[in-house]
Amino acid sequence: MQSPGPLDLGPRVRILLCTMAKDTLTVTDNRTGRTYEIPIEHGAIRARDLVQIRLNPDGGGLASYDPAFMNTASCRSRITYIDGDAGVLLYRGYPIEQLAERSTFLETAYLLVKGELPSALRLAQWTHNITTHTIVHENIKGFMEGFRYDAHPMGMLVATVGALSTFYPDAKLIHDPESCRTQTHRLIAKMPTLAAFAYRHAAGMPYAYPDNDLSYTGNFLSMMFKTTELKYRPNPVLERALDVLFILHADHEQNCSTNAMRSIGSSQVDPYSALAGACAALYGPLHGGANEAVLRMLREIGSVARIPDYLARVKAGEVRLMGFGHRVYKNFDPRGKIIKQLAHEVFALTGKNPLTDIAVELERIALEDDYFVSRKLYPNVDFYSGIIYQAMGFPIDMFPVLFAIPRTAGWIAQWLEMVQDDEQKIARPKQIYLGRERRDYVPVESRPARPDRRRDSTGRTSSLGWPTWPTTACWCWLNRPSPPRWMLHVGRRTSRAPR
Ligand code: ACO
């Protein structure tokens, strides 16, 4: 409700003013003196409405500049809601805490994709549809065998998901509901298979085929860890813990990788190609690669006694405290709280991860430190997830892959919403051009030996200018003398077992 201003004229006038309040924004362009009234809907103005604000009728309209989408909504969505100040996360309206306690990953995936919790019959059909799509074409196996023995599993996943598009050309029919349904089943079903194959490739183990008698996470554990036994029986505690972790990671509204999924998908490419791009975005250490980075950081710190030194480096801007901070949460990440609880259940079975003490103490000190408090930096979902994954026996390289499997449900739900949204078009942001004005091509023999160092309008030296120190450093590195042959083998791992 609007405040009537400093002069309070009594309740009647207040009511009148309130009823007169309009959902518009009045803007005066001080360059021209003209005033514009722009509608506000759902707490936002349409950036397109700014186009009418222009200096002269032939000039370009006003644009908004928002690198990294700090305050720009790119879509209207009905899937996931986050209140970052209150630490709230809802999937289709259901609190994450309730889903983590009472749902299963496959049921949550249905909820995200279809919008409602399934009936018992629908859930059984959905589970059957996913389960019967877990196997991959034998050529996919051959494709994966082509990777180097030490390929990062996330790189393998990115490439192999993209390669799936060549196996399913019907996926191009993105406006055909039947095709969309089939690709949805295939993607949710095949991601664990690809992930497990990627792991076994690096481990030098034969790929284990899906076991459709097991649950979604039970089957994944089987494909990961099955050795010579005829039937792998997953530990129910670990199976359920993984299922809860998958629920927590299933969607998170318009994050970096989801935005990539929507943006790539807006060109109307098939969902496998779009999902490969989303996986690539997730791989980065500031996003889904953070869980891997947290473990490496905890190992680097090494002991509780060395935490203050590390935090001093963080505060000096030398390194980031991985697993801390979030673009949206300025309070505890609700998923982090659930994971911390889950850790106790897993450790009761597996024994405590020795890195836990460092993590707990790091969190305690950081949450009392003004640097983190003033910037509202709290532990995010990745701070504790890696510690559990490691206790469960997953190698560190697999952590971002473990994020990508459940996030596939969210990516598809968001992609389907985008495909069905009449307002969406091909994503194409504007830019603010600060480069050179038009100039004519100069033949190489007429160019000066040392190009001039004219600066562009940002004050930066032109990229065509004389090398600055980073380019010089790169040049020196690229032209360094070749190392002796023996050095090329230092630190190189050998394949553990023949396949
Ligand atoms: N460690 C130290 N300082 C940090 C951290 C951190 N982890 N995160 C943010 N800050 C500081 C920044 O230096 C900046 O300080 P300044 O105002 O003095 O310059 C301030 O907090 C704001 O940081 P931004 O980078 O502007 O925040 P942004 O919203 O762009 O970044 C991000 C969010 C990328 C998650 C960031 O907090 C970060 O890098 N965290 C570590 C990586 C991580 O854990 N990522 C996982 C996120 S959850 C997920 O994707 C699943």
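Worth saying up front: this structure is predicted, and the values here are computed from it rather than measured. Order of appearance sets the numbers: ligands from 1, and atoms from 1 within every ligand. Basis for what follows: all heavy atoms, side chains included, without hydrogens, waters or symmetry-related copies.
- Side-chain atoms of His201 come within 3.5 Å of backbone atoms of Arg148 as a donor-acceptor pair (strictly under, hydrogens ignored).
- Here His252 has no heavy atoms under 4.0 Å from ligand 1, in either its backbone or its side chain.
- One distance of note links CD1 of Ile301 with CD of Glu361; it measures 11.0 Å at 0.5 Å rounding.
- Those atoms of ligand 1 with a heavy atom of Gly323 less than 4.0 angstrom away are 43 (C), 44 (O).
- Annotation: Arg313, atom CZ; neighbour count of heavy atoms from other residues, nucleotides and ligands within 6.0 Å is above 12.
- With hydrogens and angles disregarded, a donor-acceptor distance shorter than 3.5 Å links the side chain of Arg92 to the backbone of Arg78.
- Considering backbone and side-chain atoms together, Ala290 places no N or O closer than 3.5 Å to any N or O of ligand 1.
- Judged purely by atom type and a 3.5 angstrom limit, His326 uses its side chain to pair as donor or acceptor with the backbone of Val328.
- In this structure, the protein non-hydrogen atom closest to atom 1 (N) of ligand 1 is Leu321 N, 3.0 Å.
- The local environment of CZ in Arg48 is sparse, with at most 12 non-hydrogen atoms from other residues, nucleotides or ligands closer than 6.0 Å.
- Figure legend: cation-pi geometry between Arg186 and Tyr168, with NZ or CZ positioned under 6.0 Å from the six-membered ring centre and within 45° of its axis.
- Residue Asn255 places every heavy atom at 4.0 Å or more from ligand 1.
- Counting heavy atoms from C-beta outward, Tyr91 and Leu89 have side chains that approach closer than 4.5 Å.
- Counted by atom type alone, Gln414 and Glu253 present zero donor-acceptor pairs between their side chains at under 3.5 Å.
- The shortest heavy-atom distance from Phe383 to ligand 1 is not under 4.0 Å.
- When hydrogens are left out, the protein atom nearest atom 29 (O) of ligand 1 is Arg327 NE, 2.8 Å; that is the closest non-hydrogen contact.
- For atom 35 (C) of ligand 1, the closest heavy atom belonging to the protein is Gly325 O, 3.7 Å.
- With hydrogens and angles disregarded, no donor-acceptor distance shorter than 3.5 Å links the side chain of Arg327 to the backbone of Asn255.
- Taking a distance limit of 4.0 Å, we find that atom 47 (C) of ligand 1 is approached by some protein heavy atom.
- The heavy atom nearest to atom 23 (O) of ligand 1, considering only Arg320, Arg313, Arg375, is found in Arg320.
- The protein heavy atom nearest to atom 42 (C) of ligand 1 is Met322 CE, 3.5 Å.
- Inclusion of Phe403 in the set of residues having an N or O under 3.5 Å from an N or O of ligand 1 is not warranted.
- Between Asp382 and ligand 1, a contact under 3.5 Å exists for no N or O pair.
- In the candidate list Tyr378, Phe324, Phe372, Tyr329, Phe324 is nearest to atom 40 (N) of ligand 1, counting heavy atoms.
- Remark: ligand 1 atoms within the under-4.0 Å shell around heavy atoms of Leu286 are 39 (O), 45 (N), 46 (C), 47 (C), 50 (O).
- In Glu116, the CD atom is not crowded: 12 or fewer heavy atoms of neighbouring residues, nucleotides or ligands sit closer than 6.0 Å.
- Checking atom 19 (O) of ligand 1 against the protein gives no heavy-atom contact under 4.0 Å.
- Both the sub-6.0 Å distance and the 45° axial angle are satisfied by Arg375 relative to the ring of Tyr371.
- Under the 4.0 Å distance rule, the nearest protein heavy atom to atom 8 (N) of ligand 1 falls inside the cut-off.
- For atom 37 (O) of ligand 1, a protein heavy-atom neighbour is present inside the 4.0 Å cut-off.
- Only the side chain of Val314 comes within contact range of ligand 1, with a heavy atom under 4.0 Å; no backbone atom does.
- Protein heavy atom nearest atom 50 (O) of ligand 1, with residue, atom name and distance: His287 ND1, 2.9 Å.
- Those atoms of ligand 1 with a heavy atom of Tyr371 less than 4.0 angstrom away are 2 (C), 3 (N), 11 (C), 13 (O).
- Expressed to the nearest 0.5 Å, how far CZ of Phe383 lies from CE of Met297 amounts to 5.0 Å.
- Proximity of Leu377 to ligand 1, defined as any heavy-atom pair under 4.0 Å, is confined to the side chain (atoms from C-beta onward).
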